[in-house]
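Notes follow once the structure below has been shown.
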Amino acid sequence: MPELPEVETLRRGLEAAVVGRRVCSVALFGERTVRRQDPAQLVAALSGRLVSGAARWGKYLVVPLGGGAGDEGGEALVVHLRMSGQLLHVGAGAPLAHHTRAVIGLDDGSELRFVDPRTFGELFVADALEASGRPSALAALGPDPLVDGIDADRLAALAKRRRCALKTLLLDQKVLAGIGNIYADEILFRAGLRPARAACSLAPVEHGRLVAAIGEVLAAAVAARGSTLSDARYLDLGGAPGSYQEHHAVYARTGAPCLGCGTPVTRVRVAGRSAHFCRSCQA
DNA sequence: AAGCACACCTGCTAGC
DNA sequence: TGCTAGCAGGTGTGCT
């Protein structure tokens with residue numbers, strides 16, 4: 001569900017409503033939510049700490065923790081929502097949603113809740129923040145298009161020596177961090193490139209179109225507070241939907257007329273994922 | 001080493 | 001109406 005624009009919207013929500021609060025309590029439900037470390041270790045690391053910021057790398061939320069007893073060791077709570085996770089900020093009296101996996105009580109009486117039906121999502125406390133504020137646990141991630149900007153030369157060089165489909169390249173978090181299935185399709189439509197095109201087949205002018213499309217689509221989606229599909233699985237921190245789904249040109253529009261030329265949108269499978277495109281507008 | 005299939009789960013929908 | 005197969009925004013592993 002959540003890709004870069006959705007996670008960025010949550011990050012902004014945390015910045016506005018949660019940064020500066022202190023953690024009073026932590027409750028975990030189920031076995032799978034904390035799996036990189038002993039859950040008791042996460043509870044101990046969070047309890048009593050100050051939420052001192054809200055950052056994001058790709059689809060990971062990184063919440064730096066301050067106010068430890070003598071340790072300013074640069075710890076951070078890291079959250080990944082995977083397919084079905086939600087992060088909600090509610091009053092303590094709000095009814096507990098089904099599939100609530102974690103409840104973090106804050107010193108103003110509010111709660112941060114992690115809800116995740118499919119249990120793919122996870123929480124962990126990372127130590128050893130690098131100078132950039134990025135946890136070493138996320139070192140394998142490529143540059144984030146919003147945080148780091150897009151290095152067009154690097155992207156072109158990577159594309160040139162990969163024989164995989166263009167869409168597979170965009171979904172590779174080591175290449176660029178944050179793009180998922182929805183925005184890969186929307187970016188490729190905007191760039192006029194077919195998802196199954198070999199990454200190494202692009203002409204220089206096409207590299208330029210791709211880089212521009214990445215920036216434009218992600219910026220527009222962040223401005224619209226992300227995409228909420230018909231199942232309403234993505235909601236922002238306050239429970240409100242995004243609106244970028246109203247601007248989707250191809251994603252989940254199989255058979256509907258292309259907004260550019262009227263040709264029905266085609267759906268194919270690329271590397272095991274569904275891919276939507278216009279046969280006429282994308283080459 | 002890149003690329004692919006599959007596993008991890010629950011819930012929803014389309015089709016019978 | 002009720003069952004079942006298939007599919008879903010992501011990523012980590014292990015095999016070729």
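Protein chains get the first letters and strands the later ones, always in sequence-line order, with residue 1 at the start of each.
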Phosphate contact (dC9(B) OP1 or OP2) by R32(A) side-chain N/O below 4.0 Å: yes

Sugar-phosphate only, base, or nothing, as touched by R101(A) at under 4.0 Å among non-hydrogen atoms: nothing

Euclidean distance for P, dC6(B) against dG6(C) (whole angstrom): 14 Å

Side-chain N or O of Q173(A) closer than 4.0 Å to phosphate OP1/OP2 of dT11(C): yes

Heavy-atom closest contact (G66(A) atom, S52(A) atom, distance): N-OG, 3.7 Å

Phosphate OP1/OP2 of dA8(C): any S274(A) side-chain N/O under 4.0 Å: yes

d(CG, L81(A); P, dG10(C)) in whole Å: 11 Å

Rounded distance (Å) that lies between atom P of dT10(B) and atom CZ of R82(A): 16 Å

Interatomic distance where CG belongs to L4(A) and P belongs to dT11(C) [whole Å]: 11 Å

Within 6.0 angstrom of R163(A) CZ, more than 12 heavy atoms from elsewhere: no

Complement of dT1(C), any strand, by Watson-Crick or G-U distances under 3.5 angstrom: none

Touch class at under 4.0 angstrom, heavy-atom based, for Y251(A) against every strand present: sugar-phosphate

Presence of salt bridge, D172(A) and R162(A), under 4.0 angstrom: yes

Residue-phosphate contact under 4.0 Å: R162(A) side-chain N/O, dG3(B) OP1/OP2: yes

Side chains of E6(A) and Y183(A), donor plus acceptor under 3.5 Å: yes

Under 4.0 angstrom between R233(A) side-chain N/O and dC12(B) OP1 or OP2: no

d(CZ, R273(A); P, dG12(C)) in whole Å: 13 Å

Distance-only donor-acceptor check, side chains R267(A) and T254(A), under 3.5 Å: no

Matching residue for S227(A) among H247(A), H248(A), E186(A), Q245(A) - test: side-chain hydrogen bond (donor to acceptor under 3.5 Å, both in side chains): H248(A)

Which nucleotide in dC4(B), dA2(B), dG11(B) has an atom nearest any side-chain atom of H98(A): dG11(B)

Side-chain N or O of H99(A) closer than 4.0 Å to phosphate OP1/OP2 of dG11(B): yes

G-U wobble or Watson-Crick pairing nucleotide for dC9(B) (cut-off 3.5 Å, both distances): none

F124(A) CZ to dT11(C) C1', straight-line distance once rounded to whole Å: 13 Å

Whether F120(A) stacks on the six-membered ring of dC8(B) base, 5.5 Å and 30° limits: yes

Whole-Å gap separating C1' (dC8(B)) and CD (E122(A)): 12 Å

OP1 or OP2 of dA8(C) under 4.0 Å from side-chain N/O of R269(A): yes

Distance test, side-chain N/O of R35(A) to OP1/OP2 of dC9(B), below 4.0 Å: no

Gap between atoms CG and P, on D185(A) and dG10(C) respectively (whole Å): 10 Å

H80(A) side chain near dT11(C) phosphate (N/O to OP1/OP2, under 4.0 Å): yes

Position toward the 5' end of DNA chain C (nearest nucleotide), Y60(A) or R118(A): R118(A)

Rounded distance in Å - CG (N181(A)) to P (dC7(C)): 14 Å

